[in-house]
Structures are given as C-alpha cells and as structure tokens.
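Comments concern the structure below.
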2 protein chains.
Amino acid sequence: MSRSNPRVLSTLERAGGFASAQEVYRLMQREGESIGLTTIYRSLQSLVNDKIVDVLRRDDGEAIYRLCGEAHHHHLVCKSCGDTVEIEGGAIEKWAKVMAEEHGFRDIGHTAEIFGLCAKC
Amino acid sequence: MSRSNPRVLSTLERAGGFASAQEVYRLMQREGESIGLTTIYRSLQSLVNDKIVDVLRRDDGEAIYRLCGEAHHHHLVCKSCGDTVEIEGGAIEKWAKVMAEEHGFRDIGHTAEIFGLCAKC
DNA sequence: AACGGGAATGAAAATCATTTTCATTTGTGA
DNA sequence: TCACAAATGAAAATGATTTTCATTCCCGTT
Ligand SMILES: [Zn+2]
Ligand SMILES: [Zn+2]
Ligand SMILES: [Zn+2]
Ligand SMILES: [Zn+2]
C-alpha cells in the first residue's frame with residue numbers, strides 16, 4: 001500500500017476537515033498545487049485505513065472524507081449541505097455493550113450516524 | 001413525472017423488500033420479465049417520491065431501496081465469520097431524535113451497527 | 001558518483017451506477 | 001378512428017472511483 005501524501009491531509013484540514021476527493025482536487029488545483037487525482041484517492045483511502053479520517057456518503061452517493069479527532073464520537077450530518085456536528089453517543093455506548101453481551105459477542109465496536117436537514121436547509 | 005411500474009414494486013417485495021436497482025433488474029431478467037433498466041430507475045424514484053420506499057446507500061455508494069413499513073432494526077455483525085443478528089435499536093431511537101432536535105435538525109434518519117467477534121469465533 | 005530496487009506518482013483507460021436523450025410504442029378520451 | 005400525452009427502453013452521456021502501467025523519485029549500497 002501507499003502512504004498518504006501530506007499535502008492531501010493538509011488540504012483536507014484547510015477545507016474545514018470535510019470534503020470529497022473531487023473537492024480536495026479542485027481546491028489544490030485552484031491553489032496552484034500540482035497533484036494527480038489518483039494520488040488524492042490513494043491518500044484519502046490510506047488516511048481512512050489509518051483511522052485518521054472517516055468516510056461517509058452524501059445523498060448523491062459521493063464519498064466525503066472527514067477529519068476526525070481522537071475522542072470517540074458520532075455524527076449528525078445534513079443531507080443537503082453536508083454540515084456536520086460531532087455528538088456524544090450517550091445511551092448508545094451502553095446499548096452496544098448490552099446487545100453484544102446478550103448475543104455472546106466480544107471485542108466490539110460500533111458506528112452510529114444521524115442524517116437529516118439542518119436548520120439552514 | 002412517470003408513475004411506478006407495478007412489476008417493479010412487486011419484484012422489490014419478492015426480493016425481501018430490500019435491493020438495489022441493478023439487483024431488481026437482474027432478478028426480473030432471471031424471471032423472464034422484459035423490462036428496461038431505465039424504467040426500473042424511474043419506478044424506484046417514483047416510489048421514493050411517494051414515500052412508499054426508502055433509499056439508503058451501501059458502503060460502496062450504490063443506492064438500495066427499502067420498502068417502508070419493513071420493521072426498523074439494526075445489526076450485530078461478526079467481524080470474522082460475517083454472522084449477522086438483527087437487533088432492536090432500543091435507546092438509540094430516542095437518542096437520535098433528541099440529538100437532532102438539540103441541533104435544529106429535522107426529517108432525520110439514522111444508522112447504527114455493532115461489530116465484534118461472535119461466540120463461535 | 002553511479003547503481004539498483006522498491007515506493008510514489010499521475011495520465012489515460014476501464015468500470016460501473018445512474019441519468020439523459022430521443023425515437024417508438026401504448027393507452028385513453030373525444 | 002384520431003390526436004395527444006404518458007410510458008418505455010436502447011443507446012449515449014455523465015461522473016465518481018478504480019485500475020493499469022510507464023515514469024519518476026528516494027535511499028541505501030558499492
Ligand atoms: Zn444543511
Ligand atoms: Zn459510540
Ligand atoms: Zn463469528
Ligand atoms: Zn434505529
């Protein structure tokens with residue numbers, strides 16, 4: 001596998017930590033950086049593998065990459081404008097544990113996302 | 001706009017109420033039905049507009065259409081053998097609603113999955 | 001410095017779901 | 001029967017993502 005090109009991560013940060021591969025590409029072009037789209041896809045994929053960014057899907061199916069902090073959290077995402085709020089899992093954390101025990105599962109993780117329309121949309 | 005071709009809805013039901021457009025197409029072909037892919041996309045879109053089916057996204061970005069009224073549930077998946085258990089959302093359902101309200105989001109949906117190692121693995 | 005091999009890069013082609021175009025067929029009411 | 005709108009689907013277009021593959025870059029060794 002390949003390692004992430006640092007300029008890609010840097011651009012994702014500059015984009016507000018939330019963008020599609022195509023958007024990162026256009027942004028870098030606009031700023032005069034010379035890079036291939038392929039490298040952007042590869043770098044983002046590598047960042048996902050390393051759990052440095054999350055990947056979600058827009059309503060239209062395009063993948064959006066989001067820089068994630070260390071702390072475990074969940075997302076509230078606007079279906080229309082892509083605005084994202086990091087939220088606490090609250091009751092989910094216990095729910096996951098209880099459900100897993102109940103069915104004999106161990107070594108668990110979980111994902112939970114909420115999608116909807118934000119106040120502006 | 002166009003109205004939904006009834007054979008498409010019937011096929012989606014027969015598929016367990018959960019399939020992509022391409023899967024509906026392949027299923028109808030296998031059963032000897034003559035229909036164009038375009039009509040399937042149009043019909044599914046129309047069913048979505050009429051709120052007869054939901055549309056979600058697979059991890060790979062492909063749209064999957066789900067008959068509304070299918071019981072809402074979540075999954076507990078084994079990372080190793082792929083075994084899957086359908087589970088109730090429990091506290092999650094209220095969590096999603098509360099979190100959304102708190103941030104001014106409306107018209108929401110959510111996803112939540114737990115993954116781990118099952119008893120056999 | 002010259003060499004060599006593996007990693008990184010990116011242009012171009014391939015893939016694949018979905019949408020658009022547009023010519024043809026079908027249904028329906030006057 | 002006629003006219004006309006809606007429905008259909010083949011084919012082309014679109015657009016994101018992946019694959020291919022030749023070239024370039026990096027780095028340690030001779
Ligand atoms: Zn919004
Ligand atoms: Zn959590
Ligand atoms: Zn298992
Ligand atoms: Zn739920």
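Below, chain A is the first sequence line, B the second, and so on; all start at residue 1.
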Inset, instruction - Provide the full list of salt bridge (charged side-chain N to carboxylate O under 4.0 Å, His left out) pairs with a residue in residues 43-53 of chain A, sequence neighbours left out, each pair given once. - result: none

Inset, instruction - Applying ring pair (Phe, Tyr, Trp, His ring centres under 6.0 Å), name anything that partners A/His75, two or more places apart in sequence or on another chain. - result: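 Applying ring pair (Phe, Tyr, Trp, His ring centres under 6.0 Å) to A/His75 gives A/His73.
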
Inset, instruction - Taking side chain to side chain donor-acceptor pair (under 3.5 Å) as the test, write out the residues that go with A/Glu62, two or more places apart. - result: A/Ser20, A/Arg58

Name the atoms and distances for all side-chain donor-acceptor pairs under 3.5 Å in residues 94-104 of chain B, with sequence neighbours left out.
{"unit_1": "B/Trp95", "atom_1": "NE1", "unit_2": "A/Glu88", "atom_2": "O", "d": "3.0"}
{"unit_1": "B/Trp95", "atom_1": "NE1", "unit_2": "A/Gly89", "atom_2": "O", "d": "3.1"}
{"unit_1": "B/His103", "atom_1": "ND1", "unit_2": "B/Met99", "atom_2": "O", "d": "3.1"}

Inset, instruction - Evaluate the side-chain proximity of A/Met28 to A/Thr11: yes if any heavy-atom separation is below 4.5 Å, no if none is. - result: yes

Inset, instruction - Output the rest of the hydrophobic cluster of B/Phe18: all Ile, Leu, Val, Met, Phe, Trp and Tyr residues reachable through side-chain heavy-atom contacts under 4.5 Å, sorted by chain and number. - result: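 Its cluster partners, ordered by chain and number, are B/Leu56, B/Ile64.
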
Inset, instruction - Using the test salt bridge (charged side-chain N to carboxylate O under 4.0 Å, His left out), find all partners of A/Asp54 that sit at least two apart in sequence or belong to another chain. - result: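 A/Asp54 satisfies salt bridge (charged side-chain N to carboxylate O under 4.0 Å, His left out) with no residue once adjacent residues are dropped.
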
Using a 3.5 Å cut-off and no angle test, enumerate the donor-acceptor pairs between side-chain atoms of residues 33-41 of chain B and protein atoms at least two apart in sequence or in another chain.
{"unit_1": "B/Glu33", "atom_1": "OE1", "unit_2": "B/Arg7", "atom_2": "NH1", "d": "3.0"}
{"unit_1": "B/Tyr41", "atom_1": "OH", "unit_2": "B/Gln22", "atom_2": "NE2", "d": "3.1"}

Legend entry - Touch class at under 4.0 angstrom, heavy-atom based, for A/Ser46 against every strand present: nothing

Inset, instruction - Using a heavy-atom cut-off of under 4.0 Å over every strand shown, decide if A/Ser43 touches base, sugar-phosphate, or nothing. - result: nothing

Legend entry - Bending between helix ends of the helix from C/dA1-D/dT30 to C/dA30-D/dT1 [5 pairs per end, 10° resolution]: 10°

Return the value, rounded to whole Å, for the distance between atom [atom1] of [X] and atom [atom2] of [N].
X	N	atom1	atom2	answer
B/Leu44	D/dG9	CG	P	14 Å
A/Arg7	C/dA8	CZ	P	14 Å
A/Ile40	D/dA16	CD1	C1'	13 Å
B/Arg58	D/dA16	CZ	C1'	17 Å
A/Asp59	D/dA16	CG	P	16 Å

Legend entry - Presence of A/Asn5 side-chain N/O under 4.0 Å of C/dT9 phosphate oxygens OP1/OP2: yes

Inset, instruction - Take nucleotides 13-24 of chain C nucleotide by nucleotide from the 5' end and write B, S or -, depending on whether a protein heavy atom sits under 4.0 Å from the base, only from the sugar-phosphate, or from neither. - result: ----SBBB----

Legend entry - Main-chain N/O of A/Asn5 paired to A/Ser43 side chain as donor or acceptor, under 3.5 Å: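 Confirmed, A/Ser43 side chain pairs with A/Asn5 backbone.
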
